[in-house]
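These notes are about the structure you will find just below.
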Protein chains: 2
Amino acid sequence: MNASRTARDRARAELTQEIKNEARRQLAVDGAQKLSLRSVARELGMVSSALYRYFASRDELLTALIIDAYDAMGEQAEKAAEGGAPRERWRKACHAVRDWARANPHEYALIYGSPIPGYAAPQDTVASAARVPLVLIRLLRETNPVPAFEGPPLTDGLAGQLRALGELVAPDGERIAPDLPLETLNRGIVVWTQLFGMLSFELFGQFVGSVDPTDEFFDHAIEQLADFLGLPPAR
Amino acid sequence: MNASRTARDRARAELTQEIKNEARRQLAVDGAQKLSLRSVARELGMVSSALYRYFASRDELLTALIIDAYDAMGEQAEKAAEGGAPRERWRKACHAVRDWARANPHEYALIYGSPIPGYAAPQDTVASAARVPLVLIRLLRETNPVPAFEGPPLTDGLAGQLRALGELVAPDGERIAPDLPLETLNRGIVVWTQLFGMLSFELFGQFVGSVDPTDEFFDHAIEQLADFLGLPPAR
DNA sequence: ACGACTCCGAGAGCACTGCTCTTGACTTGT
DNA sequence: ACAAGTCAAGAGCAGTGCTCTCGGAGTCGT
């Protein structure tokens, strides 16, 4: 009974996976705009209505692809940031993220571009979306010595937001960073936005005609950001 | 004859404008995804095929809206950055850009989100797209004294790119910034990406659950970036 | 092993889209 | 006044997301 039930379930899971794969293939070629349920079904030799047994709507399919994309990028970043000195881990993570984005521009656009439909990024995505920022936070937590920052002091409200953020629980059940100095956390968010700002500009064509190709600019900025974070210089 | 020719032309120009206005209205409500030529035509009391006398395709209509959006945002930034000390102009320009983006999120997504169709951002858009960065560059050129920057040195290739960029001619016919130190220009590009990285994160929902609302984080970052640019502190 | 129940793919169909082409009326310039 | 140019309208094509119904197949308890 279990075997038979799982027989059906396995078939279902497999087909679900195949649908996503085919959808991802079409996404990589034509972009999210042109992805159509009918053509996915056609390519799989089935009829469009059958797809609705697996995904309730086109948006739901896209949401599934979004989660997969977040996870793929997050995994790359996690692997790249595994060992070594903080600055080296930072560099590698940045490059891993950029490499993934450049290799999968349409998937990148799916997750960091304009929200596709009537703006429905459900709760399911946040755990996957948090993986890259969590890599950064882990890296910051393990940075010693704690740097002394200059610059404008945190306002009370911002400090409160940051404190609450540090108390949040990550998907693994632990609090994110209750021990991280608020200044550091704030700078972490800054470099996080900077990293993805550069990627979006590069991939969405905003750099065409200025720093294009972007490789050297990117590397240089990564180093400046490492300084900004107070990561100890590489020896 | 001239009067009559312009009579027709004026009617044409007016209708073109009305089409864009209606399209912008629908854009503001439902987003670019849902904007349809047919519903624009319907709303204007005409038939869809008639629209094709004014815009050769849906993409061309969107391109027109993109240019208008760049111009609207650019104008806001230019007006905001008009007088005062560099740091004050910087602050005001940033807030002008953010205010415009928050007031017109779908138009913002149109220009800074994922490239919409088969990725066709024609040459016509660049002059309008350059207005905001040019505000920043003008501000940097008029900043005295020239700050002394620390940090990693520019690599040769990057320096070359920046030099070429400074020699480019702006839409008004002048070279952009042949006199600007390359270090300053580089930092200008960094803060430019940072600014729009923050805006995209805020508008596309990436900040939900962290620095949300984003006002204080934004203000604080703007100040940090002003320091990073070496803008003299406000007295 | 057989009926009950659930799941699944196929097909038809609705309302909608972008876009093309033709037709007939109107406005222009000579 | 007449030919040329311009325009809105209508029909039509190929495609879309999505719904509903139908018959067949798989699964389950008895």
What's A/Leu35 touching, base or sugar-phosphate or nothing? Going by heavy atoms closer than 4.0 Å.
sugar-phosphate
When A/Ser39 and A/Ala56 are each assigned the nearest nucleotide of DNA chain D, the 5'-most assignment goes to A/Ser39
Over all heavy atoms of both residues, which pair between A/Met73 and A/Ala101 is shortest? Give the atoms and the distance, please.
CE-CB, 4.5 Å
Starting from C1' on C/dA10, measure out to CG on A/Leu15 and report it in whole angstrom.
15 Å
Give a yes/no on whether any side-chain N or O of A/Tyr52 is located under 4.0 angstrom from OP1 or OP2 of C/dG9.
no
Of all heavy-atom pairs linking A/Gly209 and B/Leu165, the shortest is O-CD1, 3.8 Å
Check: A/Ser49 side chain, C/dG9 base, donor-acceptor under 3.5 Å
no
Measure from NZ or CZ of A/Arg131 to the centre of the six-membered ring of A/Tyr70 and say whether it is under 6.0 Å with the direction within 45° of the ring axis.
no
Looking at C/dG18, does its base get a donor-acceptor pair with the side chain of B/Arg38 below 3.5 Å?
yes
Using a 4.0 Å heavy-atom cut-off across all strands, classify B/Leu51 as base, sugar-phosphate, or nothing.
nothing
I want to check one thing: is the phosphate of C/dC21, taken as OP1 and OP2, less than 4.0 Å away from some side-chain N or O of B/Arg53?
no
Does C/dT17 have its OP1 or OP2 closer than 4.0 Å to a side-chain nitrogen or oxygen of B/Ser36?
yes
So, is A/Arg12 close to the C/dC8 phosphate, meaning a side-chain N or O under 4.0 Å from OP1 or OP2?
yes
Parallel under 30°, tilted from 30 to 60°, perpendicular over 60°: which one fits the rings of B/Tyr108 and B/Phe196?
parallel
Touch class at under 4.0 angstrom, heavy-atom based, for B/Ser48 against every strand present:
base
